[in-house]
Amino acid sequence: EKKLAGVIAPNFAIGAVLRLWLAMVVVFVIGWLLVEAAPGSTQERAARAAGAMPPEDAPAGVRQGAVAAVAAELGLDRPLGARILAAATAAARLDLGRSWRDGASVRARIGAAAGATLGLGRGALLAARVGGAWIAAASAAAPRSRRDRVLAWVTALAIATPPVWLAVLLLRLDDGAALAVLALAVAPMAIIGRVGRIALLEVCDAPLATAVRARGGHPSTVMRHAAALALPRLAPLLPATVGYLAGAALVMERAFGIHGLGTLLLDAAARGDAPVVAGVSAAVAAAVSVAASAAELVARTADPRLGEARA
């Protein structure tokens with residue numbers, strides 16, 4: 001078993017790194033393609049993003065010359081296929097390029113903005129886990145009771161409520177980051193609570209739980225062991241939750257005036273700054289990939305048979 005674990009761990013780590021790298025490269029290229037496919041000229045968008053586009057009433061020759069100069073500087077005078085290949089090659093080296101706006105490193109821009117988004121995400125993920133665990137335990141402890149029905153209605157409402165509505169409602173109270181975290185956490189908390197309830201009830205009906213109760217085990221003891229056994233069933237929710245938080249952060253950062261990756265992405269999209277748009281998209285894809293690998297690791301740790309099956 002130790003030898004098997006020693007073989008699985010390196011394979012898992014190598015696979016996780018390859019998935020992370022592939023996700024970043026593919027999403028970066030897709031982001032670049034979407035910008036290229038947008039209506040209008042990519043070269044003109046680059047000139048506008050760089051602030052080098054003459055006014056509308058300028059002579060056509062002046063405008064064309066400015067666009068050509070920016071295109072030559074940024075390598076946009078090459079054919080589309082060559083530009084995409086260059087972007088993919090650079091992304092494979094983890095080089096996300098430079099902003100069309102001011103020539104700043106895209107990685108530096110992402111690093112400067114990531115702190116605020118990571119803070120929001122960590123807080124929301126923690127709140128969702130803690131709140132979801134409480135909802136699951138409270139519902140599973142008394143299935144089909146009044147409490148269970150009330151929590152079912154509350155969680156259904158939380159899942160159905162758009163994040164922007166929560167942002168508008170909470171902004172009437174305050175514009176602090178704590179309320180932004182709460183707004184982000186509401187839907188994942190409800191989903192974790194409902195899925196956790198189902199997992200706990202299934203485990204509590206298993207023969208092991210029945211045997212513990214038959215031996216006079218306290219309900220809290222049964223629930224504690226059931227929670228450990230239900231963990232592998234909840235692990236797949238982690239990457240989905242991270243993906244949701246990344247998307248909802250766009251709304252929350254804009255609504256609460258937080259300068260994070262969401263604000264950076266929206267501003268870059270408005271300017272047509274393709275390297276920043278593609279770079280932020282790749283960073284989000286990397287975060288989801290890391291969450292997926294973490295979820296698999298949690299599931300394997302809780303149930304080693306999953307690792308043996310993969311081997």
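Heads up: numbering here begins at 1 and tracks the sequence. Side-chain atoms are counted along with the backbone in the values below, which use heavy atoms only and exclude waters and symmetry mates.
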> How would you list all residue pairs meeting ring-ring contact (aromatic ring centres under 6.0 Å, His included) that involve residues 87-111, not counting sequence neighbours?
Replying inline: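 Those involving residues 87-111 are Trp32-Trp100.
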> Among pairs that include at least one residue of residues 124-173, which meet ring-ring contact (aromatic ring centres under 6.0 Å, His included), considering only residues two or more places apart or in two chains?
Replying inline: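 The answer is none; no pair qualifies.
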> Under the side chain to side chain donor-acceptor pair (under 3.5 Å) test, which residues partner Gln43, sequence neighbours left out?
Replying inline: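 Checked Gln43 against side chain to side chain donor-acceptor pair (under 3.5 Å); matches are Ser41.
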> With Asp102, which residues qualify under side chain to side chain donor-acceptor pair (under 3.5 Å), at least two apart?
Replying inline: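 In terms of side chain to side chain donor-acceptor pair (under 3.5 Å), with neighbours along the sequence ignored, Asp102 is linked to Arg109.
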List the atom of [X], the atom of [Y], and the distance in Å for their closest heavy-atom pair.
X      : Y      : result
Leu166 : Ala183 : CD1-O, 3.7 Å
Ala282 : Val27  : N-CG1, 3.8 Å
Val284 : Ala246 : CG1-CB, 3.6 Å
Leu245 : Ala124 : CD2-CB, 3.9 Å
Ile135 : Leu151 : O-CD1, 4.1 Å
Val288 : Gly243 : CG2-CA, 3.9 Å

When you measure from the side chain of [X] to the backbone of [Y], do you find a donor-acceptor pair of N or O atoms at a distance under 3.5 Å?
X      : Y      : value
Ser139 : Ala136 : no
Glu253 : Gly262 : yes
Ser289 : Ala285 : no
Arg83  : Gly75  : no
Ser145 : Ala142 : yes
Ser281 : Phe28  : no
Arg149 : Arg144 : yes
Arg45  : Val35  : yes
Arg194 : Ile191 : no
Arg98  : Pro275 : no

> Among all residues two or more places apart in sequence or in another chain, which pass the side chain to side chain contact (heavy atoms under 4.5 Å, CB included) test with Leu85?
Replying inline: Thr89
>> Which residues pass the side chain to side chain contact (heavy atoms under 4.5 Å, CB included) test with Ile198, not counting sequence neighbours?
In response: Glu202
If hydrophobic clusters are built from ILVMFWY residues whose side chains come within less than 4.5 Å, do [X] and [Y] share one?
X      : Y      : value
Met252 : Leu126 : no
Leu184 : Leu182 : yes
Ile30  : Trp21  : yes

> Thinking salt bridges, do Arg254 and Asp267 make one under a 4.0 Å N-O criterion?
Replying inline: yes
> Does a side-chain N-to-carboxylate-O contact under 4.0 Å join Asp148 and Arg197?
Replying inline: yes
>> Checking Leu76 against Val70 for the side-chain contact (heavy atoms from CB on, under 4.5 Å) test, could you report, in this order, the C-alpha distance in whole Å, the side-chain angles of both residues, the deciding distance, and whether it holds?
In response: CA-CA 8 Å; Leu76 298 176; Val70 172; 5.6 Å; no
Could you tell me the separation between the [atom1] atom of [X] and the [atom2] atom of [Y], rounded to the nearest 0.5 Å?
X      : Y      : atom1 : atom2 : answer
Ile192 : Thr155 : CD1   : OG1   : 12.5 Å
Thr42  : Leu74  : OG1   : CG    : 11.5 Å
Leu120 : Ile258 : CG    : CD1   : 4.0 Å
Met189 : Thr241 : CE    : OG1   : 11.5 Å

> Ile110 and Val280: side-chain contact (heavy atoms from CB on, under 4.5 Å), yes or no, with the steps?
Replying inline: CA-CA 7 Å; Ile110 292 173; Val280 174; 4.1 Å; yes
>> Looking at Arg101, I want to see if its CZ is surrounded by more than 12 non-hydrogen atoms of other residues, nucleotides or ligands under 6.0 Å.
In response: no
> Is the CD atom of Glu36 crowded by more than 12 outside heavy atoms at less than 6.0 Å?
Replying inline: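 It does: Glu36 CD has more than 12 such atoms within range.
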> Are Pro143 and Leu201 close enough that some pair of their side-chain heavy atoms sits under 4.5 Å apart?
Replying inline: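 Yes - at least one pair of side-chain heavy atoms lies under 4.5 Å apart.
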> Checking side-chain contact (heavy atoms from CB on, under 4.5 Å) for the pair Leu265/Val276: CA distance, chi angles, key distance, verdict?
Replying inline: CA-CA 7 Å; Leu265 177 61; Val276 176; over 6 Å; no
